[in-house]
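Side-chain atoms are counted along with the backbone in the values below, which use heavy atoms only and exclude waters and symmetry mates. All ligand and atom numbering here is 1-based and tracks the order in the structure.
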Amino acid sequence: MNQAPAGNRVSNSDAQDSYVQVVPGGPVLGSITPPGSKSLTNRALICAAFAAGRSRLTGALRSEDTEVMIEALQKIGMEVRVDDAGKTIEVANPQEPFFPAAKSKPATASLFIANSGTTVRFLTAALSAFGGNYRLTGVPRMHQRPIGDLVQAIQPILDGSIRAESPGGCPPVHIDSGGWKPGQLHVAGSVSSQYLSGLMMAAPIRPIGAAKPTVDAGTRIVVDGELVSRPYVDMTVDVMRSFGANVTVVSEGLSEGETIAFEISALPQPSGFGYRGCDYCIEPDASAASYFWAAAAISGGRVTVNGLSRRAIQGDVGFVDVLEKMGCEVLHEADSITVVGKPLRGVDVDMNAISDTVQTLAVVALFADGPTRVRGVAHNRFKETDRIGDLACELRKLGAQISEHDDGLSITPPQQDSGWQGADLKTYHDHRMAMSLSLAGLKLDAVRIEDPSCTSKTYPEFFADLERLLGRPHRWGSAKAKASPKQGS
Ligand SMILES: O=C(O)C1=C[C@@H](OP(=O)(O)O)[C@@H](O)[C@H](O)C1
Ligand SMILES: C=C(OP(=O)(O)O)C(=O)O
């Protein structure tokens, strides 16, 4: 069996000299447990690192996005130990002495966060509250991903300075902080919910040298205007509460233009810390699960994803509701969700809350009867790549008719089998581009995915796991010649 390219770190070079091709076959039948959730792993790492006492995170994700978080926390002096199997992470804040001479000499660190949005946004907020001198840098695309709204939210309550160095308010981020001053924060949420999540998780952090967190008395964080990706904020509340913080959601009595607010205070802790270490069990990644549910939908198969249910903390389990609308049967069990593929119809769907599954849905929509319209995801243009424009560009290469809109796209499959085309599809260093587009190969010949190793951002073993589920090997290679286009089984 061919192996998926290994390695944790994706380079941001333009060298795309390898491809993978999923080979068409019959219905996909089987079950799978995806790796741990990226979003939960990186939240738990933040809360655990700034907690009193030790934490044990089980079922954690090991991939580039969590690796850069772990490395950054280690670099600022936290104890983060990964066990041999790699799925359990022990975290401790060494407390006494935290940093030698912490009171007089704050931490200084240069932190590389590759292209991990959660890491740069959560750490920017957390380190500004913690205090010290930091510079956070990433790959070139990260220096085009906005963080200005977060920087602006922090500035008024910062004892120090914070600055986004690239045009348009993008990283590198420079922080020179003596911690937060007490006060209310205002943040915009129309570009990314990660700014709000970062501020919320930062609020209970005890500044270096302080006896207690700034929020001991309570901090209010107000969202001005639209808030995208709302389920991720609910996830933040859930994880923070698991680590002992007190969070109240305020949706009434707000001023005009304010959408929602969060009141955060630290629970009484003998140590003066805002978080309490704990054993925390991480769910499998629901965004990763979307590829396997989609495989069932596209192939008319039946795939069970273990470890996720309707009650999951991750909003992306809602992807199965969209598949159900398209005609699939969805079976919800206590600890699994099964999708049974049926004839598919196009849908009109707002995916604001589950935007990481837009690319998956777009590929499913290729095989539906009638057009699909995806709405509400203007913020997808700011992710690993422009996930509207670049997605449209690659889907067109297969023969589908795609209209790009400000807030999403419309996908109209070819009317006849002769309308399909084989193609070499670009992935733009975007793991979700690689994982989703590869699924077109379940039905179409000659769909080759360039630079498949970019899945290591969140799912290094994706193609190996897909191979196991399909029960047949993919084709791997580095040849540039195109195979002849025709529809597969
Ligand atoms: O908070 C999180 O863990 C995430 C929030 C989402 O980002 P946006 O809020 O920018 O949509 C999502 O796309 C990302 O993969 C993870
Ligand atoms: C958008 C994503 O990641 P991030 O913003 O955390 O880099 C993603 O994983 O799809």
Side-chain angles (χ1 to χ4, degrees), residues 10 12 34-47 61 63-69 113-125 136 138-139 141-147 149-150 170-171 187-201 223 226-240 282-283 285-291 313-316 318-319 351-360 376-388 390-391 407 427-436 454-459 462:
V10 178
N12 209 41
S37 155
K38 167 198 83 172
S39 294
L40 288 171
T41 302
N42 273 356
R43 279 169 175 74
L45 279 166
I46 288 279
C47 296
L61 173 67
S63 74
E64 180 179 300
D65 274 17
T66 58
E67 224 52 48
V68 291
M69 177 67 90
I113 42 72
N115 195 7
S116 173
T118 53
T119 306
V120 77
R121 278 95 182 235
F122 298 171
L123 275 182
T124 292
L136 287 82
V139 300
R141 173 64 182 170
M142 178 46 83
H143 296 176
Q144 298 170 342
R145 296 183 65 187
I147 197 165
D149 288 339
L150 176 59
C170 298
V187 65
S190 64
V191 170
S192 173
S193 67
Q194 294 174 3
Y195 311 147
L196 172 62
S197 287
L199 293 172
M200 289 167 66
M201 284 187 283
V223 180
E226 188 193 0
L227 173 60
V228 297
S229 297
R230 171 65 199 269
Y232 286 99
V233 177
D234 299 331
M235 180 193 291
T236 303
V237 173
D238 200 293
V239 177
M240 287 175 70
I282 290 162
E283 295 175 350
D285 194 290
S287 323
S290 74
Y291 309 112
I313 306 171
Q314 300 164 80
D316 276 7
F319 179 70
M351 299 187 77
N352 186 289
I354 55 169
S355 60
D356 282 0
T357 64
V358 166
Q359 291 142 299
T360 326
V377 291
H379 58 301
N380 266 20
R381 295 190 189 272
F382 304 110
K383 308 239 177 188
E384 283 78 335
T385 191
D386 171 355
R387 287 183 178 170
I388 298 176
D390 296 337
L391 177 62
D407 78 328
T427 48
Y428 306 84
H429 309 296
D430 181 353
H431 54 139
R432 300 207 189 283
M433 213 60 127
M435 295 189 277
S436 57
C454 67
T455 67
S456 47
K457 185 173 188 285
T458 55
Y459 198 163
F462 173 74

Discussion item. Salt bridge check, Lys457 against Asp430: does any charged N sit closer than 4.0 Å to a carboxylate O?
Written reply: no

Practice prompt. Give, for atom CG of Asn380 and atom CG of Asn352, the distance between the pair rounded to the nearest 0.5 Å.
Written response: 9.0 Å

Worksheet item: Can any side-chain N or O of Ser229 pair as donor or acceptor with the backbone N or O of Tyr232 at less than 3.5 Å?
Response: no

Please give the N or O to N or O pairs under 3.5 Å between ligand 1 and the protein, distances rounded to 0.1 Å.
residue: ligand 1; atom: 1 (O); partner: Arg43; partner atom: NH1; Å: 3.4
residue: ligand 1; atom: 1 (O); partner: Arg43; partner atom: NH2; Å: 2.7
residue: ligand 1; atom: 3 (O); partner: Ser39; partner atom: OG; Å: 2.6
residue: ligand 1; atom: 3 (O); partner: Arg43; partner atom: NH1; Å: 2.8
residue: ligand 1; atom: 7 (O); partner: Gln194; partner atom: NE2; Å: 3.2
residue: ligand 1; atom: 7 (O); partner: Lys383; partner atom: NZ; Å: 3.4
residue: ligand 1; atom: 9 (O); partner: Ser192; partner atom: OG; Å: 3.4
residue: ligand 1; atom: 9 (O); partner: Ser193; partner atom: N; Å: 2.7
residue: ligand 1; atom: 9 (O); partner: Ser193; partner atom: OG; Å: 2.5
residue: ligand 1; atom: 10 (O); partner: Ser192; partner atom: OG; Å: 2.7
residue: ligand 1; atom: 11 (O); partner: Ser229; partner atom: OG; Å: 2.6
residue: ligand 1; atom: 11 (O); partner: Lys383; partner atom: NZ; Å: 2.5
residue: ligand 1; atom: 13 (O); partner: Asp356; partner atom: OD1; Å: 2.6
residue: ligand 1; atom: 13 (O); partner: Asp356; partner atom: OD2; Å: 3.3
residue: ligand 1; atom: 13 (O); partner: Lys383; partner atom: NZ; Å: 2.6
residue: ligand 1; atom: 15 (O); partner: Lys38; partner atom: NZ; Å: 2.8
residue: ligand 1; atom: 15 (O); partner: Asp356; partner atom: OD2; Å: 2.5

Worksheet item: What is the closest protein heavy atom to atom 6 (O) of ligand 2, and at what distance does it sit?
Response: Lys38 NZ, 2.9 Å

Worksheet item: In Å, rounded to the nearest 0.5 Å, how long is the span from NZ of Lys383 to NE2 of His431?
Response: 9.5 Å

Worksheet item: Roughly how far, to the nearest 0.5 Å, is CD of Gln359 from CG of Asp390?
Response: 9.5 Å

Item to complete: Please confirm whether Arg387 comes under 4.0 Å of ligand 2, counting heavy atoms of the residue only.
Response: yes

Worksheet item: Between Ser193 (side chain) and Val233 (backbone), is there a donor-acceptor pair under 3.5 Å?
Response: no

Worksheet item: Considering only protein heavy atoms, which is closest to atom 5 (O) of ligand 2, and at what distance to one decimal place?
Response: Arg145 NH2, 2.7 Å

Worksheet item: Once you round to the nearest 0.5 Å, how far does OG1 of Thr119 lie from CG of Asp65?
Response: 5.5 Å

Worksheet item: Quick one: does Lys457 get an N or O within less than 3.5 Å of an N or O on ligand 2?
Response: yes

Discussion item. Working to the nearest 0.5 angstrom, can you tell me the gap between Ile113 CD1 and Phe122 CZ?
Written reply: 12.5 Å

Item to complete: Can you sort out which atoms of ligand 2 are near Lys383, meaning under 4.0 Å from one of its heavy atoms?
Response: 1 (C)

Worksheet item: Is a side-chain donor or acceptor of His143 paired with a backbone partner of Gly138 at a separation under 3.5 angstrom?
Response: yes

Worksheet item: For atom 10 (O) of ligand 2, which protein heavy atom lies nearest, and how many Å away is it?
Response: Arg432 NE, 2.6 Å

Worksheet entry | Side chain, backbone, both or neither: Asn115 near ligand 2, heavy atoms under 4.0 Å | backbone

Worksheet item: In ligand 2, which numbered atoms sit nearer than 4.0 Å to a non-hydrogen atom of His431?
Response: 8 (C), 9 (O), 10 (O)

Fill in: Between CD on residue Gln314 and CD1 on residue Ile354, distance to nearest 0.5 Å
12.5 Å

Practice prompt. Just let me know how Ser116 lines up against ligand 2, side chain, backbone, both or neither, with a heavy-atom cut-off below 4.0 Å.
Written response: backbone

Worksheet item: Among all protein non-hydrogen atoms, which one is nearest to atom 1 (C) of ligand 2, and what is the separation to 0.1 Å?
Response: Glu384 OE1, 3.1 Å

Item to complete: May I ask you to identify, for Asp356, whether its side chain, its backbone, both or neither come under 4.0 Å of ligand 2 on a heavy-atom basis?
Response: side chain

Worksheet item: So among Met200, Met235, Met240, Met69, which one has a side chain to side chain contact (heavy atoms under 4.5 Å, CB included) with Arg43?
Response: Met235

